[in-house]
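Reading through the structure tokens given below for one structure.
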Amino acid sequence: ASFSDAIAALREDHQAVVIAVGTDVLLKIREGKLAVGRLVYIHDLSELKGISLNAAGDVEIGPLSTFRDVTYSDVIRQSVPVLGEAADTAGGPQLRAAGTIGGNVCNGITSADTASTLVALGAILRVRGSEGEREIPISEWYKGVGKVALEHDELLVKIVIPRANWAGWTGHYIKYAQRNAMDIATLGVSCLVKLSSDKKTVEDVRLAFGVAGPVPMRAMSAEAAVRGLSVGEAAEKIGAAALSDVNPRTSWRASREYRIQLIEELSGRAFLEAAGKGGAAL
């Protein structure tokens, strides 16, 4: 019935599981992968919804905002359109109308379609529980496969993208999957670029991946390797440079070797698309 009610329910039952819509949770229960006590239903908590800009120009996203809310938000379109583009690749229309960005972040899955873009954007996760409120940089959020830095009696209350992390940047997200719709990513690549005033040089870049390791990750070596280069030089080098940052595995969707090939190729493509959106002559 309220935020405090949800926290109390979680504190009382250490097997309780938070559920908003259940696009992940219910599947896990049906497959026998999740033993639960109670389901703590938070879908109707209005304070966890909405997308806005605060006075400092930071983007603030309520975790109960659906993928469709994110994609069609005027705030997102005017500040971080790449996040809306990433959200629009999740599942099919029905899932995007119901599934939430908070669930996508809290499930801790490396293939989550918004995760790599939020990592590239340096998002801050604001959580609140019985011990009060704290902010966790997304670089410290993912702790392993399906594990995040959220205590049992805490809820994610806001996803914050600082203005400095989006103003002056343009980005592009590529989801590579076996089919074009309703599939889990074989690899996700999100690239943000800040160009020099003449649009010819890479002033700064951020490159992040999903399914290139156990958690969504930044490619710091690749970023350092192309800062200060011309757009053309950076496009040629960024993919190979990213290989020292990643550690993909073989799964039934793709071999490690194939994912390495995708990382090298798609990094350059995402970079060029992001640079083009920023005004670079390609």
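Everything numeric in this text was worked out from a predicted model, so none of it was measured. Just so you know, these numbers use all the heavy atoms, side chains as well, and skip hydrogens, waters and symmetry mates.
Side-chain atoms of S251 and R259 form a donor-acceptor pair, as typed in the model, at a separation below 3.5 Å. No hydrogens or angles considered: a donor-acceptor pair under 3.5 Å links the side chains of E60 and N54. Residues S116 and S190 have side chains that never bring a donor and an acceptor to within less than 3.5 angstrom of each other. Between the side chains of S2 and D5, no donor N or O sits under 3.5 Å from an acceptor N or O.
A cation-pi contact, defined as under 6.0 Å to the ring centre and within 45° of the axis, is absent between R77 and Y72.
Atom CG of L125 is separated from atom NZ of K158 by 12.5 Å, given to the nearest 0.5 angstrom. Atoms CG and CZ, on L192 and R206 in that order, are 6.5 Å from each other to the nearest 0.5 Å.
For R128, the CZ atom counts as densely surrounded, since its 6.0 Å shell holds more than 12 non-hydrogen atoms of other residues, nucleotides or ligands. The 12-atom threshold is exceeded at CZ of R256, counting heavy atoms of other residues, nucleotides or ligands nearer than 6.0 Å. Remark: K147 NZ is loosely packed, at most 12 non-hydrogen atoms of other residues, nucleotides or ligands lying under 6.0 Å away. The neighbour count for E131 CD, taken as heavy atoms of other residues, nucleotides or ligands under 6.0 Å away, does not exceed 12.
Between R134 and E154 there is a salt bridge, with a side-chain nitrogen of the basic residue lying less than 4.0 Å from a carboxylate oxygen of the acidic one. Salt bridge absent: R11 and D153 never bring a charged side-chain N and a carboxylate O closer than 4.0 Å. Looking at R269 and E265, a side-chain N of the basic residue comes within less than 4.0 Å of a carboxylate O on the acidic one, giving a salt bridge. The pair E223-R227 counts as a salt bridge, with a side-chain nitrogen and a carboxylate oxygen less than 4.0 angstrom apart.
The shortest distance between side-chain heavy atoms of I161 and I61 falls below 4.5 Å.
P248 and V211 get closest at one heavy-atom pair: CB-O, 4.2 Å. Between E203 and L195, the closest heavy-atom pair is OE1-O, 3.9 Å. The minimum heavy-atom distance linking S267 with A242 is given by the pair OG-CB, 4.2 Å. Of all non-hydrogen atoms in Q178 and R253, the two that sit nearest each other are NE2-O, 3.6 Å. Here the shortest heavy-atom pairing between A270 and V189 reads CB-CG1, 4.0 Å. Closest heavy-atom contact between F271 and A234: CZ-CB, 3.5 Å.
A donor-acceptor pair under 3.5 Å links the side-chain atoms of S65 to the main chain of G62, judged by distance alone. Proximity of a side-chain donor or acceptor of H172 to a complementary backbone N or O of L272 within less than 3.5 Å is not detected. Between the side chain of D204 and the main chain of K194, no donor-acceptor pair closer than 3.5 Å is present.
Under the side chain to side chain contact (heavy atoms under 4.5 Å, CB included) test applied with T66, the options D69, V70, L64 reduce to a single match, D69.
Ring pair Y258/Y176 is perpendicular by interplanar angle, where above 60° counts as perpendicular and below 30° as parallel.
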